[in-house]
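We use all heavy atoms of the structure for the numbers below, so side chains are in, but hydrogens, waters and symmetry mates are not. Note that this is a predicted model, so its numbers are computed, not measured.
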Amino acid sequence: MAEREEDSSYDYAHRNTDTDVRRSRVSQYNAYKASGPVMTEYIHGIRKACVEREIPVSSEETLNVISNLARIKSAKNILELGTGTGVSGLALLDATDGSRLTTIERREDFLEEAKENFRGAGYEGRVQCIPGDAGEEIQKLREDGRVYDFIFLDCAKVQYVKYLPLLKDMLLPGGVLAADDVLIYGWATGEAEVPQKRHMLAKHIQEYIDAAIADDMFETSILDVGDGLAVSVKIS
């Protein structure tokens, strides 16, 4: 697999768009549908606009799986690290009646756009949007005693392993922690060689996978979904 060009438009590890994403062998079966046609069209419209503007956004397949996981869990309190323009948050709220979402995003322009998108869906009363660094903000939430039954981790990949102990602490027993992009570009599976300038990123992602699997408080599955999804269930 050829090395991808750096995208300097956004301060992200990769561009997760329809033209630059790792696809699983069953992605064609995992199309995303919301609770009804109107909401499906609304979320797809926002996602399509992100793709056209080359803004990182969760794949359809990822939205399919995380919304089903949240639905199965009947999640009530959801934490999201990495709001983007609100696509994954919208999918999670749509899948879980009466749930509340706390979502953190360091880019204020993205967060303002996400707020408009939550408003457009009628979900503004169920969302707390927090601007700032994810590590700093989750520390504040932890100190405030906030706990969650579903966490979606989709921010700076190099920080995943650093955030894991904090997120585990904030996750209720039986809660689900879903970390996106853990198979980024096929590096972790050996599908593609890691570019020299991305060795540290790949190393930190592998450290997260290893730590989540080795943790006795978690049962973890690595799913071949989109750019990879690590799903950890807190068992104690």
Side-chain angles (χ1 to χ4, degrees), residues 10-12 16-17 32-60 62-156 163 167 170-172 175-180:
Y10 299 102
D11 184 18
Y12 277 78
N16 189 5
T17 74
Y32 172 69
K33 290 192 295 185
S35 57
V38 173
M39 189 57 71
T40 300
E41 183 178 355
Y42 181 73
I43 294 174
H44 274 301
I46 297 168
R47 187 179 179 282
K48 182 180 178 184
C50 288
V51 170
E52 289 171 350
R53 293 157 60 195
E54 296 190 345
I55 293 175
V57 63
S58 294
S59 70
E60 265 203 76
T62 300
L63 295 180
N64 171 296
V65 173
I66 63 169
S67 60
N68 277 333
L69 288 171
R71 187 178 288 115
I72 292 166
K73 176 60 190 168
S74 299
K76 295 302 179 190
N77 289 295
I78 302 169
L79 174 63
E80 177 183 49
L81 281 66
T83 314
T85 61
V87 172
S88 49
L90 284 165
L92 291 168
L93 287 166
D94 176 72
T96 50
D97 291 339
S99 63
R100 293 193 60 82
L101 171 70
T102 301
T103 184
I104 303 169
E105 173 59 54
R106 66 182 176 181
R107 286 195 51 153
E108 292 193 16
D109 55 339
F110 283 4
L111 197 60
E112 288 306 310
E113 194 168 334
K115 288 178 183 177
E116 287 298 318
N117 291 333
F118 290 132
R119 246 190 306 274
Y123 289 155
E124 67 271 26
R126 295 170 56 191
V127 183
Q128 178 186 10
C129 293
I130 301 177
D133 175 78
E136 294 174 5
E137 298 305 325
I138 59 173
Q139 183 63 55
K140 293 176 189 175
L141 292 171
R142 180 174 175 269
E143 289 170 359
D144 287 342
R146 300 279 289 273
V147 291
Y148 302 91
D149 51 14
F150 193 96
I151 299 175
F152 184 47
L153 179 56
D154 190 23
C155 56
Y163 297 161
L167 297 177
M170 299 164 70
L171 193 64
L172 291 166
V176 176
L177 168 59
D180 202 11

For residues [X] and [Y], report the shortest heavy-atom separation together with the two atoms involved.
X    : Y    : value
C50  : V87  : SG-CG2, 4.5 Å
A121 : L90  : CB-CD2, 3.7 Å
A95  : R71  : CB-NH2, 3.6 Å
I138 : G135 : CG1-O, 3.4 Å
A114 : G86  : CB-N, 3.7 Å
L63  : A91  : CD2-CB, 4.1 Å

Would you say that [X] contacts [Y] through its side chain, given a criterion of any heavy-atom pair below 4.5 Å between the two side chains?
X    : Y    : result
N77  : R100 : yes
I66  : D180 : no
K140 : R146 : no
I104 : L141 : yes
T83  : F110 : no
V176 : I72  : no
F152 : T103 : no
C129 : E105 : no

In Å, rounded to the nearest 0.5 Å, how long is the span from [atom1] of [X] to [atom2] of [Y]?
X    : Y    : atom1 : atom2 : result
Y163 : L81  : OH    : CG    : 7.0 Å
Q128 : L79  : CD    : CG    : 9.5 Å
I151 : L167 : CD1   : CG    : 5.0 Å
R47  : T85  : CZ    : OG1   : 10.5 Å
S58  : I43  : OG    : CD1   : 11.5 Å

Backbone N or O of [Y] within a donor-acceptor pair of the [X] side chain at under 3.5 Å?
X    : Y    : result
N68  : N64  : yes
D149 : K73  : no
Y42  : N117 : yes
H44  : E60  : no
Y148 : M170 : no

Tell me, please, which residues at least two apart from [X] pass side-chain hydrogen bond (donor to acceptor under 3.5 Å, both in side chains).
X    : value
S67  : none
K76  : none
Q139 : E143
E116 : R119

*asked:* Please evaluate residues T102 and I130 with respect to the criterion side-chain contact (heavy atoms from CB on, under 4.5 Å), reporting the C-alpha separation (whole Å), side-chain torsions for both, the decisive distance (0.1 Å), and the verdict.
replied: CA-CA 7 Å; T102 301; I130 301 177; 3.7 Å; yes
Residues in salt bridge (Lys or Arg N to Asp or Glu O under 4.0 Å) with [X], at least two apart?
X    : value
R142 : D169
K33  : none
K115 : E112

Across all chains, not counting sequence neighbours, the side-chain contact (heavy atoms from CB on, under 4.5 Å) partners of S74 are none
side-chain contact (heavy atoms from CB on, under 4.5 Å) filter on E41, not counting sequence neighbours, yields none
In D97, T40, D94, the residue satisfying side-chain hydrogen bond (donor to acceptor under 3.5 Å, both in side chains) with S35 is D94
Quick one, F150 with T96, criterion side-chain contact (heavy atoms from CB on, under 4.5 Å). Give me CA distance, side-chain angles, the key distance, then yes/no. CA-CA 11 Å; F150 193 96; T96 50; over 6 Å; no
